[in-house]
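All values reported here derive from a predicted model rather than from experimental measurement. Basis for what follows: all heavy atoms, side chains included, without hydrogens, waters or symmetry-related copies.
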Amino acid sequence: MADQNKTFYITTPIYYPSGKFHIGTAYTTVASDAMARYKRLRGYDVHFLTGMDEHGQKIQEKADEAGMPPQEYVDGIAEVAKKVWSIMDISYDDFIRTTEERHKLGVEKIFKTFLDNGDIYKGEYEGWYCLPCETYFTEGQLEDGNCPDCGRPVRKVKEESYFFNMKKYADRLLKFYEDNPKFIEPESRKNEMINNFIKPGLEDLSVSRMSFDWGIKVPGDPKHVIYVWVDALTNYINALGYQSEDDSLFKKYWPADVHVVGKDIVRFHTIYWPIFCMALDLPLPKKVFAHGFIMMKDGKMSKSKGNVVYPEMLVERYGLDATRYFLLRELPFGQDGVFSPESFVERTNYDLANDLGNLLNRSISMINKYFDGEIPTEGLTATNFDESLTDFITTTIGKYEASMENMQFSTVLGDLWALISRTNKYIDETSPWVLAKDEADKGKLASVMMHLATSLRHIAILLQPFMTQAPKQIITQLGLDEKLLAWDTLGNFKAIPTGTKVVEKGVPIFPRLDAEIEVVYIRDQMAITAPAEVEQPEKAEIEEAVETEISIDDFMKVDLRVATVTACEKIPKADKLLKLQLDMGYEQRQVVSGIAEHYEPEALIGEKVIVVANLKPVKLRGELSQGMILAGKSDGILKLATVDPSLANGAQVK
């Protein structure tokens with residue numbers, strides 16, 4: 001257990017209230033919630049912040065379109081947002097809104113500090129502005145004349161503005177990156193910031209606007225509205241009472257342990273925000289974790305495409321735990337992932353109903369059948385398989401804790417499901433139905449039942465950061481007190497009290513879905529999001545040209561990397577496919593490869609392989625594949641392309 005006085009401060013971005021929150025927003029928030037819950041289980045004093053960024057020109061325009069004052073407009077969306085987070089059982093400690101007085105006063109004081117210290121000066125801005133992103137760009141930063149972040153058209157803007165002197169802090173920021181290599185994760189995001197924004201030369205940042213008035217006014221110069229990033233980013237300290245009469249929370253929790261953000265706003269959180277903290281002479285946040293996007297098969301979620309998925313629809317139809325589990329298992333945190341109705345239903349059926357649900361139901365049924373519902377704790381005779389199951393549980397706990405600290409949620413859940421599979425295998429190995437036929441094996445049968453109950457209790461404890469209902473349901477069906485869900489009872493294999501009786505009849509905690517019906521249902525719900533007047537374009541016939549020769553420039557586009565296989569398993573109902581977990585050095589990835597006919601999964605663990613690292617993620621049999629491993633085939637025999645074992649994971653193959 002961690003020291004009870006140790007704190008952990010985690011934040012989501014403050015979300016822009018431009019419409020209903022979809023599963024992309026839910027993904028960020030559920031991931032942050034899982035981390036907050038984990039740290040609480042470990043005994044940390046956690047402060048979890050989320051909220052809304054409610055100022056700006058875009059909000060003013062949307063309010064005008066709706067025919068209501070901006071404050072009334074954002075008030076309505078804030079209530080909807082809080083309702084969604086309630087449905088998702090998000091355990092936030094504070095919900096900050098930039099229209100609150102506590103934030104407004106904080107921003108005014110911070111802006112004045114910048115002015116007094118000479119970090120802000122008045123000048124004239126002329127350049128390109130993206131309204132949806134609330135961001136200015138130089139001519140050279142545009143892509144085909146459009147915003148490089150969202151691809152939308154930009155506006156030419158010329159107006160008087162206050163500027164923040166970014167150049168003053170550029171060298172200090174690079175030194176901070178060097179001294180704190182884990183500040184930006186995944187590491188690829190840090191390289192992007194350095195190479196694309198800092199090394200070419202930081203531009204001074206425009207921090208005020210005059211073309212609208214929905215925002216916090218510049219102290220002493222009210223014709224200027226403080227620009228979004230000074231306003232928005234400072235929420236992380238204003239919510240703690242920075243420079244207020246009561247700054248006890250700030251003194252207790254700052255600096256933040258981790259800001260969780262989407263990759264589209266990583267620049268603002270890893271360049272602007274650290275520099276603002278430097279200018280305020282504050283400790284910098286310890287980490288910014290920039291996750292990828294949830295993609296659809298046809299690209300980004302878009303109402304015009306009719307492919308938007310809202311979390312409340314999934315929760316209402318399939319339950320909260322199934323929705324939270326899918327988001328954090330299917331999508332490796334830090335990378336883009338793909339949502340499809342098929343993959344959601346498959347995860348629910350295979351992982352939740354078959355693997356976990358079946359394990360619980362079989363165990364409850366056998367304890368009732370063989371021991372009148374009482375979990376045996378005495379008269380046990382060890383089987384040949386008990387120790388290996390116990391060792392597997394212990395190993396899983398260690399791997400789980402290491403991966404959680406690195407926010408590798410998909411890896412954590414993969415390891416946890418390996419334990420669930422191992423426990424199911426234990427049933428097959430010990431064959432309780434055979435032991436029950438011979439009274440001489442009664443002690444062994446008792447040991448098997450106790451080990452099953454013990455494994456399920458450990459599984460319930462480890463599920464708690466991700467699922468908020470199933471762990472209690474498992475413990476209840478086992479007849480145990482919820483006190484045995486405490487983290488410090490992990491590793492105690494004799495925690496189940498003598499005389500504990502399971503429920504008379506187990507209830508499936510994850511009913512199996514009719515795949516055909518549910519896939520259609522989800523697609524129909526997605527289609528509802530498309531505007532009625534939008535006509536779907538006809539599919540064009542595409543002719544693929546096959547070129548027999550490529551240039552060196554074409555070849556150099558392929559990013560080959562060294563990786564180590566850390567886990568491998570077969571994919572159900574796919575004879576040729578293996579699912580591999582890879583340590584890329586700078587991140588964890590999942591790759592699906594058609595090598596099952598040539599390799600047993602166990603034989604690949606620990607192997608060094610070569611990965612095509614910059615392939616677009618795809619789904620194969622419902623599993624996300626983030627690259628390709630290289631192999632060669634001769635005389636019908638396929639062999640993996642390998643490298644010198646001394647090459648570090650992540651090294652480029654040239």
Side-chain angles (χ1 to χ4, degrees), residues 350-351 354-401 414-463 474-475 477-480 484 489-502 506 565-570 572 578 581 596 599-606:
Y350 290 126
D351 295 7
N354 286 7
D355 294 344
L356 177 57
N358 222 20
L359 173 61
L360 178 62
N361 293 341
R362 292 172 76 189
S363 300
I364 296 294
S365 176
M366 288 189 291
I367 293 170
N368 274 309
K369 182 176 181 180
Y370 301 134
F371 291 92
D372 294 324
E374 183 173 319
I375 300 173
T377 57
E378 299 173 345
L380 311 180
T381 303
T383 76
N384 294 332
F385 306 99
D386 295 355
E387 185 176 356
S388 65
L389 177 61
T390 301
D391 289 345
F392 201 99
I393 294 171
T394 302
T395 300
T396 298
I397 294 170
K399 293 166 68 175
Y400 178 110
E401 291 177 347
D415 290 336
L416 182 50
W417 248 254
L419 171 58
I420 293 169
S421 297
R422 179 67 188 86
T423 309
N424 275 311
K425 183 181 178 182
Y426 173 78
I427 296 176
D428 297 331
E429 290 172 334
T430 56
S431 302
W433 48 90
V434 175
L435 296 175
K437 294 178 180 179
D438 191 337
E439 187 65 27
D441 288 329
K442 190 76 171 180
K444 289 185 177 180
L445 183 62
S447 182
V448 171
M449 296 302 106
M450 188 276 289
H451 277 79
L452 288 176
T454 297
S455 185
L456 278 164
R457 187 181 76 83
H458 280 77
I459 289 165
I461 294 171
L462 296 172
L463 276 173
I474 292 171
I475 286 294
Q477 292 201 27
L478 288 173
L480 298 173
L484 290 181
T489 67
L490 275 176
N492 183 350
F493 295 95
K494 296 183 179 180
I496 296 177
T498 299
T500 299
K501 299 205 72 172
V502 301
V565 181
T566 58
C568 184
E569 60 182 300
K570 291 184 177 180
L578 291 180
Q581 305 299 329
Y599 287 92
E600 289 297 321
E602 297 80 8
L604 291 173
I605 297 175

Going by the salt bridge (charged side-chain N to carboxylate O under 4.0 Å, His left out) test, which pairs reach into residues 489-500, not counting sequence neighbours? none
Are Gln477 and Leu456 packed together at the side-chain level, in the sense that at least one heavy-atom pair is separated by less than 4.5 angstrom? no
With side chain to side chain contact (heavy atoms under 4.5 Å, CB included) as the test, would you mind laying out the steps for Ile420 and Asp351 before giving the verdict? CA-CA 9 Å; Ile420 293 169; Asp351 295 7; over 6 Å; no
Ring pair (Phe, Tyr, Trp, His ring centres under 6.0 Å) with Tyr400: which residues, sequence neighbours excluded? Trp487
By side chain to side chain contact (heavy atoms under 4.5 Å, CB included) - contacts of Glu374 (at least two apart): Lys501
Can you tell me how far the CG atom of Leu360 sits from the CG atom of Leu452, to the nearest 0.5 Å? 10.5 Å
Give the minimum heavy-atom separation between Pro601 and Leu578, together with the two atoms involved. CG-CD2, 3.8 Å
NZ of Lys399 to OG1 of Thr566, rounded to nearest 0.5 Å, is 7.5 Å
Mind jotting down which residue pairs meet the ring pair (Phe, Tyr, Trp, His ring centres under 6.0 Å) criterion with at least one end in residues 425-458? Sequence neighbours excluded, please. His458-Phe493
Residues pairing under salt bridge (charged side-chain N to carboxylate O under 4.0 Å, His left out) where one sits in residues 440-449, two or more places apart or in two chains, turn out to be none
What pair of heavy atoms forms the shortest contact from Leu604 to Cys568, and how long is it? CD1-SG, 3.9 Å
Rounded to the nearest 0.5 angstrom, the CG-OH distance for Asn358 and Tyr350 is 13.5 Å
Non-hydrogen side-chain atoms of Ile474 and Leu356 separated by less than 4.5 Å: yes
In chain order, what residues pass the side chain to side chain donor-acceptor pair (under 3.5 Å) check against Thr423, with sequence neighbours excluded? Ser455
Any donor-acceptor N/O pair, Thr394 side chain to Thr390 backbone, under 3.5 Å: yes
With sequence neighbours left out, write down each residue that passes side chain to side chain contact (heavy atoms under 4.5 Å, CB included) with Ala446, or none if nothing qualifies. Phe371, Pro376, Leu380
For Ala567 and Ile605, the nearest pair of non-hydrogen atoms, with its separation, is CA-CG1, 4.2 Å
Passes side chain to side chain contact (heavy atoms under 4.5 Å, CB included), Ile459 versus Ile393? Steps please. CA-CA 9 Å; Ile459 289 165; Ile393 294 171; over 6 Å; no
What heavy-atom pair brings Gly491 and Ile397 nearest, and what distance separates the two atoms? N-CD1, 4.1 Å
So do Asn492 and Arg457 actually touch side chain to side chain, heavy atoms under 4.5 Å? yes
Sequence neighbours left out, what pairs pass salt bridge (charged side-chain N to carboxylate O under 4.0 Å, His left out) with at least one residue falling in residues 419-438? Arg362-Asp428, Arg422-Glu429
Separation between CG (Leu462) and CG (Leu490), nearest 0.5 Å, reads 5.0 Å
Can Ser447 and Thr383 be counted as having a side-chain donor-acceptor contact under 3.5 angstrom? no
How close do Val448 and Pro432 get, heavy atom to heavy atom, and via which atoms? CG1-CG, 3.9 Å
Sequence-distant partners of Asn354, side chain to side chain donor-acceptor pair (under 3.5 Å), two or more places apart: Arg512
Taking side chain to side chain contact (heavy atoms under 4.5 Å, CB included) as the test, write out the residues that go with Ala418, two or more places apart. Phe392
Looking at Leu484 and Ala495, what are the two nearest heavy atoms and their distance? CD1-O, 3.8 Å
Run the side chain to side chain contact (heavy atoms under 4.5 Å, CB included) check on Ile427 and Leu359 step by step: do they pass? CA-CA 9 Å; Ile427 296 176; Leu359 173 61; 3.9 Å; yes
All side chain to side chain contact (heavy atoms under 4.5 Å, CB included) counterparts of Thr500, not counting sequence neighbours: Ile375, Leu480, Ile496, Pro497
Salt bridge (charged side-chain N to carboxylate O under 4.0 Å, His left out): pairs with one or both residues in residues 382-392, sequence neighbours excluded: none
